[in-house]
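Below, chain A is the first sequence line, B the second, and so on; all start at residue 1. Just so we're clear, the structure is a prediction, and the values are computed from it rather than from any experiment.
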Amino acid sequence: MLLWIITMTVRTRVAPSPTGDPHVGTAYIALFNLCFARQQGGSFILRVEDTDQKRSSKDSEQQIFDSLRWLGLEWDEGPDIGGEYGPYRQSERTQIYQRHVQELVRAGHAFHCFATAQELDEMRREQMSRGETPKYDGRGLALAADEVERRIAAGEPHVIRMKVPEEGVCHFEDMLRGPIEIPWSQVDMQVLLKADGMPTYHLANVVDDHLMEISHVIRGEEWINSAPKHQLLYKYFDWEMPQLCHMPLLRNPDKSKLSKRKNPTSINFYRAMGYMPEALINYLGRMGWSMPDEEEKFELDEMIAHFDIGNVHLGGPVFDTEKLDWLNGRWIRENLDEHAFGERVVEWAFNQDKLRQIIPLVQGRVEKFSDLAPMTAYLLSGMPDIDECSFEQGKLDQDISRKVLQYASWRLEDVSEWNTDVLYQALNELAKAMELKLKDMLLPLFIAITGKTSAPPLFDSMVVLGPYLVRARIRNGLEKVGTPSKKQLKKLEKEYRTLDLTVS
RNA sequence: GACCCCAUAGUUCAGUGGUCCAGAACUUCGGAUUUUCAGUCCGACAACAUCGGUUCGAAUCCGAUUGGGGUUACCA
């Protein structure tokens, strides 16, 4: 018995999908997984869930590595450092999933489905019109075995779905919430293997967690309703299910799930704004948790030492930067001596890379070195000091300014690369589609981004500032001209979609 | 809509049946210190969502209601 306890090592994981910016929510979940594992003397694993071929990118993956490391969250095993349970990238494990899903098919726990997306849409529409809850109707199950074989042999595209009980209730245990019950009637016959041969989250997750010997799955609350599917898969495979623990979701100030449309969610934003990683981690650690003595300021090691997952508070915490600002101030004042302060500032603002970008922008424009500071202040600041009056200059009225800022913010979400050419192309196209002269359209953007009416070229400035700061400043500008009401927003979105824009 | 989760000040937490007319931090507002600002110190405002039950006793346990959130995809 004793031996069994000793060999039962705790293994936790964070499993981000490399689609888009590295999210503070990822860091949040990583932090709690890491604290739990370290506190228990276990291991913390990073696994990349890149099964969505359309949206995953290597660049995004690298950014996740970089930003988590920047925060000081180090993993014991992962795609970049290896480990005994690799590979740690799901796209490199497709054979494993195929094998396992075939096993389920053979055992009669999963089945082939040839329905197209359109067919399923139609099915759901019909169900809804009848006032039913949209749900897969089991049409794939009705197919005869020889027909299935024939259609597979004919190369018809298909997916593999899991069978789900029609009646009864699924019971499972959450470490923080206790027993949870979900009727099986609420659970859909989930796709396990997509038509492209890649697994869905549910399959990959269960297979990997088992094979990687994950002992505790600490993840966001959004997964609670998927737990029955996972439990069922463990049962089908005859595997022991890890302990489940669902953390509360980080929220926007309006209490909805933290989203980049309403808030800066990229770790890179906080880095670009000049927060210390220690402070961000400290702040994240205070979301739903506190030190036993209620001390506000603590470092990662202290958090690990005192961590108790049972003390996680389940109310969804609002990620509100006021306290983060205060904490960051304390970290800067109390934890950096003058030398360290200098080093951090140089790293943040005056590193070679950044200087190389800034110098060509200003050298031709200064008459004296003393012109430099006022000229570049906006490149080394957070949000510019503007109000609604700032947008009254120029030919555009406030309604147009609002529209330009809103459209630009949407347009810039789709930009693949962040350089002057791409930015020019994206915004020039937008101006044409809006039937505005580029120069006129750029003015509100210029004001929102630089806070001034004259500054070094906008696209170059945007490159120096980086996407995170630029997006935040556009949102800031939008707030200052007056964010569109929900109704207006809908109308704008509809109009925006009719514009003839390419994805760059 | 259905299902699931959650509920202490504006925000983040403490509180796990009596020591709670609820404790701290941020924010805001006063005051002190400082040439100014920042900081620091002192102080003030401010909450157990509602209703019912269990109990000698409930912020704490149970139920209902209300409110918020999530899920409802060949996205994770």
J.: Quiz question: by atom type and distance under 3.5 Å, do the side chains of A:Gln53 and A:Asp196 form a donor-acceptor pair?
T.: yes

J.: Have A:Gln90 and A:Asp208 got a donor and an acceptor in their side chains that come within less than 3.5 Å?
T.: yes

J.: What is the base-pairing partner of B:G52, counting Watson-Crick and G-U wobble geometry with both distances under 3.5 Å?
T.: B:C62

J.: Find which nucleotide of RNA chain B each of A:His313 and A:His202 is nearest to by heavy atoms, and output the residue with the more 5' nucleotide.
T.: A:His313

J.: Taking only side-chain N and O atoms of A:Arg286, does any of them lie within less than 4.0 angstrom of OP1 or OP2 on B:A25?
T.: no

J.: When the distance from CG of A:Leu249 to P of B:A76 is rounded to whole Å, what number comes out?
T.: 18 Å

J.: What is the distance, to the nearest angstrom, from the CG atom on A:Asp325 to the P atom on B:A38?
T.: 15 Å

J.: For A:Lys257 and B:U71, is the shortest distance between a side-chain N/O and OP1 or OP2 below 4.0 Å?
T.: yes

J.: Tell me whether the NZ or CZ atom of A:Arg161 lies within the 45° cone about the ring axis of A:Phe111 and under 6.0 Å from its centre.
T.: no

J.: Searching all strands shown, indicate the nucleotide that pairs with B:U34 (Watson-Crick or G-U wobble; both distances under 3.5 Å).
T.: none

J.: Does A:Lys255 place a side-chain N or O at less than 4.0 Å from the phosphate oxygens OP1/OP2 of B:A7?
T.: no

J.: Nearest to the side chain of A:Arg333 - B:C74, B:C3, B:U40?
T.: B:U40

J.: Base, sugar-phosphate, or nothing for A:Met287, non-hydrogen atoms under 4.0 angstrom?
T.: sugar-phosphate

J.: Closer than 4.0 Å, any side-chain N/O of A:Arg124 to the OP1 or OP2 of B:A73?
T.: yes

J.: Over how many whole Å does the gap from A:Trp289 atom CH2 to B:U16 atom C1' extend?
T.: 17 Å

J.: So, does the side chain of A:Lys323 form a donor-acceptor pair with the base of B:U11 at under 3.5 Å?
T.: no

J.: Would you tell me whether A:Arg151 and A:His158 have side-chain atoms, one donor and one acceptor, within less than 3.5 Å of each other?
T.: no

J.: Look at the aromatic rings of A:Trp223 and A:His230 and report parallel, tilted or perpendicular, splitting at 30° and 60°.
T.: tilted

J.: Measure CG/A:Leu176 against C1'/B:C6 and give the value in whole Å, please.
T.: 12 Å

J.: What about A:Glu294, does its side chain sit under 3.5 Å from the base of B:G23 through a donor-acceptor pair?
T.: yes

J.: Please report, rounded to the nearest Å, how far the P atom of B:U40 is from the CZ atom of A:Arg330.
T.: 8 Å

J.: In whole Å, what is the span from the CZ atom of A:Arg177 to the C1' atom of B:G70?
T.: 10 Å

J.: With rounding to the closest Å, how many angstrom separate the C1' atoms on B:C3 and B:U8?
T.: 28 Å

